[in-house]
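To keep things clear, I will list the structure first and then write my remarks on it.
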2 protein chains.
Amino acid sequence: MNLRELAQNLGLSQTTVSRALNGYPEVNEATRARVVQAAEQHNYRPNTRAKGLATGRAMAIGHVIPMSKQHEMVNPVFGDFIAGAGETYSRNGYDMVLSLVEDGQEEKTYRDLRGKGAVDGLIVHGPKSDDPRIAMLDDLGVPFVVHGRASAVTLPYAWLDVNNRNAFQRATDFLLDLGHRRIALMNGLEELDFASRRRAGYHDALQARGVPLRPEFMHSEEMTERYGYDTARLLLARDDAPTAFLVSSMITVIGVRRAIEERGLKMGRDVSVITHDDELSYFKNGQDAPIFTATCSSVREAGRQAAQILLERIAHPHLPPPNRLLEAQLVVGGSTGPAPISAKD
Amino acid sequence: MNLRELAQNLGLSQTTVSRALNGYPEVNEATRARVVQAAEQHNYRPNTRAKGLATGRAMAIGHVIPMSKQHEMVNPVFGDFIAGAGETYSRNGYDMVLSLVEDGQEEKTYRDLRGKGAVDGLIVHGPKSDDPRIAMLDDLGVPFVVHGRASAVTLPYAWLDVNNRNAFQRATDFLLDLGHRRIALMNGLEELDFASRRRAGYHDALQARGVPLRPEFMHSEEMTERYGYDTARLLLARDDAPTAFLVSSMITVIGVRRAIEERGLKMGRDVSVITHDDELSYFKNGQDAPIFTATCSSVREAGRQAAQILLERIAHPHLPPPNRLLEAQLVVGGSTGPAPISAKD
DNA sequence: AATCATTTCCAAAGCGCTTTGGGTGGCGGT
DNA sequence: ACCGCCACCCAAAGCGCTTTGGAAATGATT
């Protein structure tokens, strides 16, 4: 069923039917009701492609998900981010088109998506500190919002980020307050901006207390369970093993816990652990009594808000690009405690 | 840059340019080369919507991801499934459009997607045993492939599934062979077809050996970490605690392990555990020495193949709908061992 | 009763592409 | 010199919608 047929059925012109359905004022309310009812009854849906052609808008948003070539891994936070964004889109009649692309090939995909006219706007995932995509998209003139930031990029652009630096600074401070001095950082890949900001927070906190940075305690890899296990195991085998771990992901921390327990140690007593918690739906950290002390920030909520910002940006492209910095909460759980006496200094 | 402008630039007609770019034979190879080069140079991409309107094909596949209302949870396997499917799509010039929808509302979304002409085909996720979507899509006449099966649906339809029943039967047999008799099943939601098939496999194995089914050992919930922990904890506190657990997901099994270790027991010695492993990218079960004994089947590969089947189905809608049953491998890891003597019988 | 503003509707153009149904020019054959 | 046949190219229609620029009908005003 298309517009023409529907109009014929009703004995009206396409114009009138179109206007009736799109809420234009120049059509009699009685006629509109009749049209709406007929449309309902015939299960009529305007053809997106035709509508898009006519209006010049695709009513779709593009997400380009980077996929690590190395581990063929797609970051699990995307699922929840997209779930959040999807809520916003569907409330506003937008579709979401997804491309999974190998790390570093993203530019071409953005270009294609825009060039084909398949999307009205884009979300940029996983920005690097000096991410070339931002200048490119700015240049292309396509509305976009970055999930995260690119510290080295100076031109203004729309972003939404968690205050990662502050979160990790506070977490480190918290551990220092508990008497820990040998604190291992198990970060994500530090070419990614969020990870380098977390490291900066960790640095700041240690330096503010005059605790020397120890490269052998600072790790940076893709956030798999395996990475957590392997690295923590090696670190715990040292004579001067860390008494605390600051971990970048709920996935990795699972591996860290495994290494701790394998060694017969007890988390929260022998070794303290803080993790960042994106509040993934299947990994709830226990509402009542969290297992892990964590810096918490809902990535789903981030998705919702980023999508919202993008839609506003599409509606008002002339406004200056908005930024939103979400603060993570430091929630105390059972995985932290005072540093063991023997280890103090 | 659109076709008309490009054609004008070249001093050719739109027809010729279009044909040159789409590989039709009736254009001089020299001309074609000239056209292709100009297109490249001007960064020309045909407008999807216009092309779609003209050809009647959307060059896009729809994925409707169900999202549990209860836990606001999106199953983590979707990430990897979609990564696999995405590979196939992009190799074939298809886009992927994603909708996240609350459980049970999926029908409307499929209808919309198809009605709007936004997609050429659909993948059905998370089928229930008597899933109404299959009849509906069949009725709509839209090509689709089900990831999984719907046991109660009799009409032929295209599906790709893992042999869940066989996998869990073999896993249960394996535990029985090791002397276990009190084997707990921690299944996913059994309204989902794959879960009910797994239960059937478990049943079959127990009954074949004359081991009575014990309802208190059979659980069915959404596969969160928390579910694994809570349930295993309760079970382990019993006088007649299970000596083995058969778990439906890598996420849930993390919780099971937590409960086991919290109780001071050792996995693989005091308690045996087998899990199903979808080979999620960030949860590799250790290639060399798997932590968990597991029924393994790559959900990413399933995505690749399901997408392939769908594309073939779109190309040849008249062929009978193909089915593909993947066998899971039972890979032995460190989480299983003989039943403790005290517990035998 | 004539005029004018409103309301309600319509015909047709146009969005950017594909595709149908020719046209034109050069060539070999006679 | 003529015919017919390719090889190569083009004009125009059409995909399903929105939107412009009226037209017809209605009601209010003088």
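A, B, ... follow the sequence lines: proteins, then strands. Residue 1 opens every chain.
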**Study point:** Residues R149(B), D161(B): salt bridge by 4.0 Å N-O rule
**Key:**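 Yes, charged N to carboxylate O under 4.0 Å.
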
Practice item. Between protein and nucleotides 10-20 of chain D, map the contacts as a letter string: B base, S sugar-phosphate only, - none, heavy atoms under 4.0 Å, written 5' to 3'. Key: BBB-BBBBBBB

Point to revise | Reported CE-to-CD distance for the pair M136(A) and E107(A), which is rounded to 0.5 angstrom | key: 5.0 Å

Point to revise | Euclidean distance, atom CG of residue L10(A) to atom P of dC9(C) [Å, nearest integer] | key: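 Whole-Å distance recorded here is 11 Å.
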
Check your understanding: R32(B) has an atom CZ; how far is it from atom C1' of dC9(D), in whole Å?
Key ->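 R32(B) atom CZ is separated from dC9(D) atom C1' by 13 Å.
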
Point to revise | side chain to side chain donor-acceptor pair (under 3.5 Å) against Q14(B), all qualifying residues, sequence neighbours excluded | key: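 With neighbours one apart ignored, the set is empty.
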
Practice item. Applying side-chain contact (heavy atoms from CB on, under 4.5 Å), run through R49(B) and T48(A) and close with a yes or a no. Key: CA-CA 8 Å; R49(B) 300 190 297 273; T48(A) 334; over 6 Å; no

Exercise for review: Scan K116(B), K108(B), R114(B) and name whichever one has a salt bridge (Lys or Arg N to Asp or Glu O under 4.0 Å) with D112(B).
Suggested key: K108(B)

